Protein chains: 4
Amino acid sequence: MAKPRQARFTTADLEGLPELDDESPALWPEGLPDVGRNLLTSAVRCFASNGFHATTTRDISGALGLSPAALYVYFPSKELVLFEIIRAGHQRALEVVTAPDIEAIEDVSEHLRALIAAYTEFHARHHVAARVCQYELAGLTGEHYEEILEIRHRTNAVFRDALARGVDDGTFAPVDVPRVSRAMLSLGIDLVRWYRRDGSDSPEQLGELNGDLALRMVVRHPE
Amino acid sequence: MAKPRQARFTTADLEGLPELDDESPALWPEGLPDVGRNLLTSAVRCFASNGFHATTTRDISGALGLSPAALYVYFPSKELVLFEIIRAGHQRALEVVTAPDIEAIEDVSEHLRALIAAYTEFHARHHVAARVCQYELAGLTGEHYEEILEIRHRTNAVFRDALARGVDDGTFAPVDVPRVSRAMLSLGIDLVRWYRRDGSDSPEQLGELNGDLALRMVVRHPE
Amino acid sequence: MAKPRQARFTTADLEGLPELDDESPALWPEGLPDVGRNLLTSAVRCFASNGFHATTTRDISGALGLSPAALYVYFPSKELVLFEIIRAGHQRALEVVTAPDIEAIEDVSEHLRALIAAYTEFHARHHVAARVCQYELAGLTGEHYEEILEIRHRTNAVFRDALARGVDDGTFAPVDVPRVSRAMLSLGIDLVRWYRRDGSDSPEQLGELNGDLALRMVVRHPE
Amino acid sequence: MAKPRQARFTTADLEGLPELDDESPALWPEGLPDVGRNLLTSAVRCFASNGFHATTTRDISGALGLSPAALYVYFPSKELVLFEIIRAGHQRALEVVTAPDIEAIEDVSEHLRALIAAYTEFHARHHVAARVCQYELAGLTGEHYEEILEIRHRTNAVFRDALARGVDDGTFAPVDVPRVSRAMLSLGIDLVRWYRRDGSDSPEQLGELNGDLALRMVVRHPE
DNA sequence: TATGAATGAGCCTTCATTCAT
DNA sequence: GATGAATGAAGGCTCATTCAT
């Protein structure tokens, strides 16, 4: 039986790679030393390819030419590596949808469209890290999981509010706000399941597409 | 959302349970003995809660009051338990979207709506098994993975074709068929991430909702 | 990694095989039912090919189209199957070297030659069972092992006595009796390591050869 | 003969032992770290006593006060421990019979005598490792088995050639070369079955004895 | 900072054996 | 007599983690 560890999503060596498949390094906190950042990046790829539990500390550190023990110089446990990744990803996603330039948009439709577009774009641009954020929550300890849930709720609320505003003021059709906003989030999130950077969709194009589709979901049909 | 991690999955006797959380038992192949079916059902729950790699054979069999060795009376390996589940789920999903009563629908819009509704309903009804089908593919061996991929392609094609028909005959707006059909699939699939049977949405209601939303995505706006 | 259970010494199915590779069935005790005898024969082949510990009860019974449980109808344990084989083999070997027609030989040289020849012939004829007798003693329990040792001692004594007789009466050179008789036994025993029935040596020819060599070891050189 | 079964192999610390039962440590490859060498030595004893399959990785490492996992720091599998042992043993045996000082012997009889003596001495001196080399071949994978077979063939050829030379030039009686050389090898090999260092035979004495016996097998009888 | 060596805990899997049928 | 189902007890091997260096 072949090792089930084969990476479905091939990632080249980190070394010497001029351009990364995703831009996850941009997510890591400022204070972290370079090796720590590289470890997070390597971990993201491993977790995304094989899942948290199927990834060994040797996988993560080995991709950088380091020994497994090196990981413990920067992180106290494998779980905390996961937590760092998931927290960073969720934090940034929240920042993206609460960015001042988006909140400043007066027009209700354009506001919603911009929200969905930005959210989608974020997930596409960071699809590897985002995949981990969405699919590896079960690897977190209870406490860490709760902490992440809290951020998710706040993020979700942003969408619900934006939609509610348009429904309330009559701009949008009188849709079921929680359910429809949930569907809009699905458009933005589900792409981490299939998105590849080498495909024909740029993060921007995908953001535009989903923004359109979301608006179509709630547009009032002139009778 | 209840915490789906940490505490190992524990379930009361399957036998005693009058109503199951999902209806996955209906998915298992005919020939299989009862104990084998129960093992699959137990495995589905464990995999859905904790992931394939974090689930032990003891978790699966223990939930039925059996020893780990009992699993090997019915399946040659843990991986094959996963494969059986994922194959059954995918097979049935394909059957659902190729059901004669759906294919018989003449009206293009109603056809698409029925497709999305049925697909959504299926995922909601079998959300536990469907979650495994969508998120645990990395646990499969290369060969088994390929086999599943093949079924997925056929399923996806059904949606693409249905949408293309409406675009071609002018019923729908001239949307980008592959991308938009992908978005429609997202609506149906992403719910496995969050759906709970105890929530306020029945599978039927959710199917109706997604059917509506999908049609709204492609409806022609009268100028 | 390939299963290390591959049988080095291929044995055809017992069913329908007109002629057996060795004649071990002839060794089994009279009272035993046919199925029991077949189980012993199958076990001999498995043990000889793969060793006692690497042989499963399923291997033994499966070769006869039976389930593992069938073995326990005839034998109380796997170890006792081994013991039965080893005891039968050793008993018969002792019988061979204490056969009246050999003991009746007056001539000292011819007596020794006949002894070595018969012993060699026996091991060649039953080389599969004899291999188990020589190499799988470690699989026996302490008590059973002691019981076998006792038979071996008696067998060995026969050779030592025959040689001593010739040395004492001056027929043979004044060799070191225990050491040289041990060497003669080596000739007879070691063949179980390499003997194949399909080779060019018949048991009789091999017996003759070893009888000759043994005599050459002790012949007096006329000055 | 001490009971070599039942009670799992237990040895005092290898370190503390001033003199080992056999000299197998001398067989291990140069590059190996001390712990690795000790593991091989411990494994040899376990395999010799109980057989490969009846020996656990805990037996091997436990004798050194190490955990089972320690073995995997030095060897990738239990089978490879066996292979390393068997390869080292066979390699050295070949070196012994192809040593320059033996090949340099002009006299045909003395050459053969020296060959048999050296071969015997080697097996006696390393009787524990040699036992494993002769009796545990079935524990090897197919590939490793083939590799060993190749060395054995070369070793055997040395004896056949030495004997053939004497037969051809008339020094020896016109014996059947393959069969008689096989018998000579039996004298050297079979001792691993019964040799104990505490017995009254030193390796040198045994070598001398077998050298004599071998020559007696082929000496020309003056008519 | 980085690691080689070591391990405790645990996992998947096997298997001799039992027993109700 | 024969077996299918089940299991207790391992066994080989892995891995997150530690620690002396």
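Because the structure is a prediction, the values reported are computed rather than measured. In the text below, chain A, chain B and the rest are named by the order of the sequence lines, each starting its count at 1.
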Starting at atom [atom1] of [X], determine the distance to atom [atom2] of [N], rounded to an integer number of angstrom.
X     : N      : atom1 : atom2 : value
C:D34 : F:dA2  : CG    : C1'   : 16 Å
A:F75 : E:dA2  : CZ    : P     : 12 Å
D:K78 : E:dT13 : NZ    : P     : 19 Å
A:Y72 : F:dA20 : OH    : P     : 17 Å

Worksheet item: Hey, does the side chain of C:S67 come within less than 4.0 Å of F:dA2's phosphate (OP1/OP2), counting only N and O?
Response: no
Discussion item. For F:dA16 and A:T57 - does any side-chain N or O of the residue sit under 4.0 Å from the phosphate oxygens OP1/OP2?
Written reply: yes
Worksheet item: What does C:L71 touch in the nucleic acid at a heavy-atom separation under 4.0 angstrom: a base, only the sugar-phosphate, or nothing?
Response: nothing
Practice prompt. From the options E:dT3, E:dA5, F:dA6, select the nucleotide whose nearest atom is closest to the side chain of D:Y74.
Written response: E:dA5
Worksheet item: Which residues satisfy the salt bridge (Lys or Arg N to Asp or Glu O under 4.0 Å) test with D:E84, sequence neighbours excluded?
Response: D:R87
Worksheet entry | Pairing annotation in dot-bracket form, given for DNA chain E with Watson-Crick or G-U pairs under 3.5 Å and | for cross-strand partners | .||||||||||||||||||||
Worksheet entry | Interatomic spacing from OG1 in A:T41 to CG in A:D34 - rounded to 0.5 Å | 10.0 Å
Worksheet entry | Side-chain donor or acceptor of D:R58 paired with backbone N/O of D:P68 under 3.5 Å | no
